[in-house]
Protein chains: 2
Amino acid sequence: MREPMQPFVAALSVRDDLSAEEVRALHDLPIHLRSFQRGEEIVGDHTRPGRSSLVIDGTCGRVVQAREGRQITAVHVPGDFVDLHSLLLKVMDHSVVALSDCVVGSVPHGHVAGLCERHPHLGRLLWLSTVIDGAIQRSTIANIGRRSALQRLAHLVCELHTRLAVIGLASPNGFTCSFTQTDLGDILGLSAVHVNRTIRDLRHRKLLSWSGNQVLFSRFESLAAFADFDPTYLNLQKEPR
Amino acid sequence: MREPMQPFVAALSVRDDLSAEEVRALHDLPIHLRSFQRGEEIVGDHTRPGRSSLVIDGTCGRVVQAREGRQITAVHVPGDFVDLHSLLLKVMDHSVVALSDCVVGSVPHGHVAGLCERHPHLGRLLWLSTVIDGAIQRSTIANIGRRSALQRLAHLVCELHTRLAVIGLASPNGFTCSFTQTDLGDILGLSAVHVNRTIRDLRHRKLLSWSGNQVLFSRFESLAAFADFDPTYLNLQKEPR
DNA sequence: CGACTCATTGATTTAGCTCAAGTCTGGTGG
DNA sequence: CCACCAGACTTGAGCTAAATCAATGAGTCG
């Protein structure tokens, strides 16, 4: 079987060099795998998790439940920790749900803390990954707060494509998107109906094609220019951290 | 002169116990103070800061510049680090601007990193403060994505009051808000004109009074209920972290 | 087949935007 | 001391992007 930590190692390796020993330490973490069906709750709101969870396969989302409806505040792909912050926050301020059938691994908090102690550089990289989550959230705030539905959706497509490419899950001109239009609405702060019309509009403008769960574009650059997409916030540069 | 680190120590002390030695280590950090006028840029977008900055007095905001206008993705009050993440992110994905005249202290990254090494528990608390920023951003996404202008503004008032109270800058029934209505629009993803009408509406509903920069309410609970405000995300509980 | 869930489209409504004009304030200079 | 000016606030009128409501396909699974 493939190493479950592989996508996480891949994601870190894009941002900094890992020593062989560090890679080994990550693979040696006692990880408990579990499958979830689309729609299932992975971590509950207001709970106190004793473990941190990592997406191995599929996608999941962080859900803040407001009185007027749910908002998906972040989308996670393989290699992303979905609640690493619970190591410090203790009490969840949101829930995590499966947005597709997915496989999630979890590691007891004690082992994560131990890893940080024994490998301070890995500790910094775990900190880094929570801080990149924050950068993505800032971009999401700007996206929802300032851009039109058309640009919002285009921006999300650019981001997803870029993030999936990092872990080898995107082709040069597209990717597989398993979200329903209702999910997309909850991610973008739009109604499901309007998401549908917005996809149609993007298609009419020949910026992309979207049939079933296949998203394809002829030129990523056109889409990125239209969406005002600047990938700086994804921190894809290798730097000593 | 008052210790510049005092509001930061106060903010951490709400979340966990600090030893006398840890407090001393924080006060011993070489901090360089600088004043900024309202509107001045404190940290530039796409720069590589060599220091991390902390608000000592006044308020500032993190600004993501989109093609259609600026979005303020976070508001910071005394005791908040505005770019602690730059220790790991290296390149800024947004700028930081003064939203009122303010005093900001900055500490070289090397000293912050050294502090984390010598005092692992303080390191975890610095990590914690970046992670609380993330929690606040999630709440902002839900606020902008799902709530009406009226609730959005009410929610912001609840959050600001709660955060200012922690550092002793709020009275039980109100606080001083130095933002212009244009700033509020950029925080909430609304136009300045609509912010004006929304404030008027909140006044008519007797949820608060807002004259000059004094925000006052008769019952915080009424406002919080109206705004669907749940302070869990602010992590104001003392926990061993 | 029948009961889902998801996607699609039309008709209508509405929250919030834009444009425009005015007021009120504090600061500056003659 | 007062005229002027720049920012910020306020209000009105009209417009528009997106929401809501409603109906209908289309695919899937027990």
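Everything numeric in this text was worked out from a predicted model, so none of it was measured. Naming convention: chains lettered A, B, ... in sequence-line order (proteins, then strands); numbering from 1 in each chain.
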Tell whether B/Arg197 reaches the base of D/dG12 with its side chain through a donor-acceptor pair below 3.5 angstrom.
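Checked by distance alone, the answer is yes.
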With no angle test and no hydrogens, is the base of D/dG7 tied to the side chain of B/Arg38 by a donor-acceptor pair under 3.5 Å?
no
Geometric class of the A/Tyr233/A/His155 ring pair [parallel <30°, tilted 30-60°, perpendicular >60°]
parallel
Could you check whether the rings of B/Phe175 and B/His161 sit parallel, tilted or perpendicular, using 30° and 60° as the cut-offs?
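Tilted: the ring planes of B/Phe175 and B/His161 meet at 30° to 60°.
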Quick one: on DNA chain D, does A/Leu150 or A/Val193 contact a more 5' nucleotide (nearest heavy atom)?
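The answer here is A/Leu150.
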Separation of [N] [atom2] from [X] [atom1] (nearest whole Å):
X        : N      : atom1 : atom2 : value
B/Leu184 : D/dA8  : CG    : C1'   : 12 Å
A/Asp186 : D/dA19 : CG    : P     : 11 Å
A/Leu99  : C/dC6  : CG    : P     : 12 Å
A/Asp183 : C/dT5  : CG    : C1'   : 12 Å
B/Asn213 : C/dT25 : CG    : P     : 14 Å
A/Asp201 : C/dT9  : CG    : C1'   : 14 Å
B/Ile144 : C/dC17 : CD1   : P     : 12 Å
A/Asp101 : D/dC29 : CG    : P     : 11 Å

Name the one of A/Asp133, A/Asp45, A/Asp83, A/Asp93 that satisfies salt bridge (charged side-chain N to carboxylate O under 4.0 Å, His left out) with A/Arg62?
A/Asp133
Which nucleotide in the set [options] lies at the smallest distance from any side-chain heavy atom of [X]?
X        : options               : answer
B/Arg200 : C/dC6, C/dC17, D/dT11 : D/dT11
A/Arg203 : C/dT8, C/dC6, D/dT20  : C/dT8
A/His194 : D/dA18, D/dT20, C/dA7 : D/dA18
B/Leu190 : C/dC6, C/dC17, D/dC9  : C/dC17

Strictly below 4.0 Å: does B/Asn196 bring a side-chain N or O up to OP1 or OP2 of D/dT10?
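Yes, because at least one side-chain N or O of B/Asn196 sits under 4.0 Å from OP1 or OP2 of D/dT10.
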What is the nucleic acid contact for [X], judged by heavy atoms within less than 4.0 Å: base, sugar-phosphate only, or nothing?
X        : value
B/Gly69  : nothing
B/Thr198 : nothing
B/Thr180 : sugar-phosphate

Evaluate the criterion side-chain hydrogen bond (donor to acceptor under 3.5 Å, both in side chains) for residue pair B/Arg138 and A/Thr73; output intermediate values, then yes/no.
CA-CA 6 Å; B/Arg138 276 191 290 281; A/Thr73 63; 5.0 Å; no
Centroid-centroid distance, B/His94 to B/His46, less than 6.0 Å
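Centroid separation for B/His94 and B/His46: 6.0 Å or greater.
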On DNA chain C, does the nearest nucleotide to B/Arg152 precede the nearest nucleotide to A/Ile199 from the 5' side, or the other way round? Give the residue.
A/Ile199
